[in-house]
There are 2 protein chains.
Amino acid sequence: MASGQGSAEGMPPVARALDAAEARCLRAGAQLTELRRQVLALVLESEQPLGAYALLDKLKAKRPGAAPPTVYRALDFLLEQGLIHKVERLNAFIGCVEVGHAHGHDHHHAHPHQFLICRECGMTLELSDHAVAHALEEAVARAGFRMSRATVEVEGLCAACAGGAS
Amino acid sequence: MASGQGSAEGMPPVARALDAAEARCLRAGAQLTELRRQVLALVLESEQPLGAYALLDKLKAKRPGAAPPTVYRALDFLLEQGLIHKVERLNAFIGCVEVGHAHGHDHHHAHPHQFLICRECGMTLELSDHAVAHALEEAVARAGFRMSRATVEVEGLCAACAGGAS
DNA sequence: GTGCTACCGTTATATAGTAACGGACTGCCC
DNA sequence: GGGCAGTCCGTTACTATATAACGGTAGCAC
């Protein structure tokens, strides 16, 4: 396997996600190169969404010559493969929680998802709420639109931060 | 009235919207100054969402000294008053369709809304679908979040563009 | 070999957004 | 009237985000 381990048991979450990404790219006929893998690892290691330039800074530790196009090209690839998402409100990128889950069919990319962003602590949570997705599909169809991708992002207070200060 | 006309009948839509905006600001105790009015007019005159710098270019016709802060300050004000929305996916601004509608109570700002963006022709449609808003509220609450603002933007094909090319 | 493609390094530039300072004006209090 | 605070806006400079364009290299088909 990609991480050189025989099984997913006991592996750190990031390594497991990288293996899942590797497998997914293989199936899709896409190449998860070393650069892309490094960028994906950096995104996954971060708890919070990471801006492209923050990513670039981190990347420079391993790849001194890295420049904006280096990260953006990798990010574009990862977005296309559905391995990460972009949080539009933050101009930042975050790992997709669905990668590595078992699926009956390949959803190529762009599964329905929603982000909850805490304006206090910055924590960002990904939901995959079916009811929201369904309601949105209906509304879009009623308007005569054909949907290809949806961005649903909520800014607010997470449970912890809402508890502290009203 | 602000536009110097006695009634809304027969007025061009933009002028009517400007009057509504004026009234709304009055009620809110906010000042719709000449600059802010000009920026709002430019946003309303455009069929499609307008970027801040596109706006700036247009504004320079009337206000040669205009600079980025000129537009951004006006846009911030208009956003706060709920007179325009920002389309995050496009980094662009568009007039709010709800202004001028009759409301039983003042919703200060931020009514629930969704954008449908045609990737072919760029047309952007604002919805105010209650089912979507409701589903989202429920999902957010289940996650223990307190929502303050939501961004819902769908990229796809409008009826016209979907009809032409499958 | 030649030609093609994908990937990436590199430089430069475009686009989006803010910080910070100062001047003009208004309203208010005394 | 003088002083004071608040709002609005002009102006300069700057930060942050993203892309264009060119060139090199490695792999592969023929």
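Convention: sequence-line order gives letters A, B, ...; per-chain numbering from 1. This one's a predicted model, so the numbers in the text were calculated from it and none came from an experiment.
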Enumerate all atom pairs, one protein N or O and one N or O from nucleotides 15-19 of chain D, separated by less than 3.5 Å.
from	atom 1	to	atom 2	distance (Å)
dA18(D)	OP1	Lys86(A)	NZ	2.6
dA18(D)	OP2	Tyr72(A)	OH	2.9
dA18(D)	O5'	Tyr72(A)	OH	3.3
dA18(D)	N7	Tyr53(A)	OH	2.4
dA18(D)	N6	Tyr53(A)	OH	3.4

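Between chain B and DNA chain C, the heavy-atom contact criterion of under 4.0 Å yields a 5' to 3' nucleotide range of dA16(C) to dA20(C).
Rounding to the nearest 0.5 Å gives a distance of 10.0 Å between CD of Glu153(B) and CG of Leu116(B). Put simply, CG on Leu59(B) and OH on Tyr53(B) are 13.0 Å apart, with the number rounded to the nearest 0.5 Å. Distance check, rounded to the nearest 0.5 Å: CZ of Arg37(A) to CD of Glu22(A) gives 5.0 Å. Atoms CG and CG, from Leu136(B) and Leu136(A) in turn, are 9.5 Å apart once rounded to the nearest 0.5 Å. Taking CG from Leu50(B) and CG from Leu90(B), the interatomic distance works out to 11.0 Å, rounded to the nearest 0.5 Å.
Judged by closest nucleotide on DNA chain C, Ala74(A) is the one of Ala74(A) and Ala67(A) placed further toward the 5' end.
Whole-Å rounding puts the Glu80(B) CD to dT7(D) P distance at 12 Å.
Residue Thr33(B) places at least one side-chain N or O under 4.0 Å from the OP1 or OP2 atom of dC9(D). The phosphate of dC9(D) has neither OP1 nor OP2 within less than 4.0 Å of any side-chain N or O from Arg63(B).
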Table please: side-chain donor-acceptor pairs of residues 118-132 of chain B below 3.5 Å, with sequence neighbours left out.
from	atom 1	to	atom 2	distance (Å)
Arg119(B)	NH1	Ser148(A)	OG	2.9
Thr124(B)	OG1	Gly122(B)	O	3.3
Glu126(B)	OE1	Val97(B)	N	3.2
Glu126(B)	OE2	His85(B)	NE2	3.3
Glu126(B)	OE2	His111(B)	NE2	3.2
Asp129(B)	OD1	Ala131(B)	N	3.0
Asp129(B)	OD1	Val132(B)	N	2.8
Asp129(B)	OD2	Arg142(A)	NH2	2.9

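Evaluated for a side-chain hydrogen bond (donor to acceptor under 3.5 Å, both in side chains) with Gln38(B), the options Lys58(B), Arg63(B), Lys62(B) yield exactly one hit, Arg63(B).
Residue-environment remark: CD (Glu45(A)) exceeds the threshold of 12 foreign heavy atoms within 6.0 Å.
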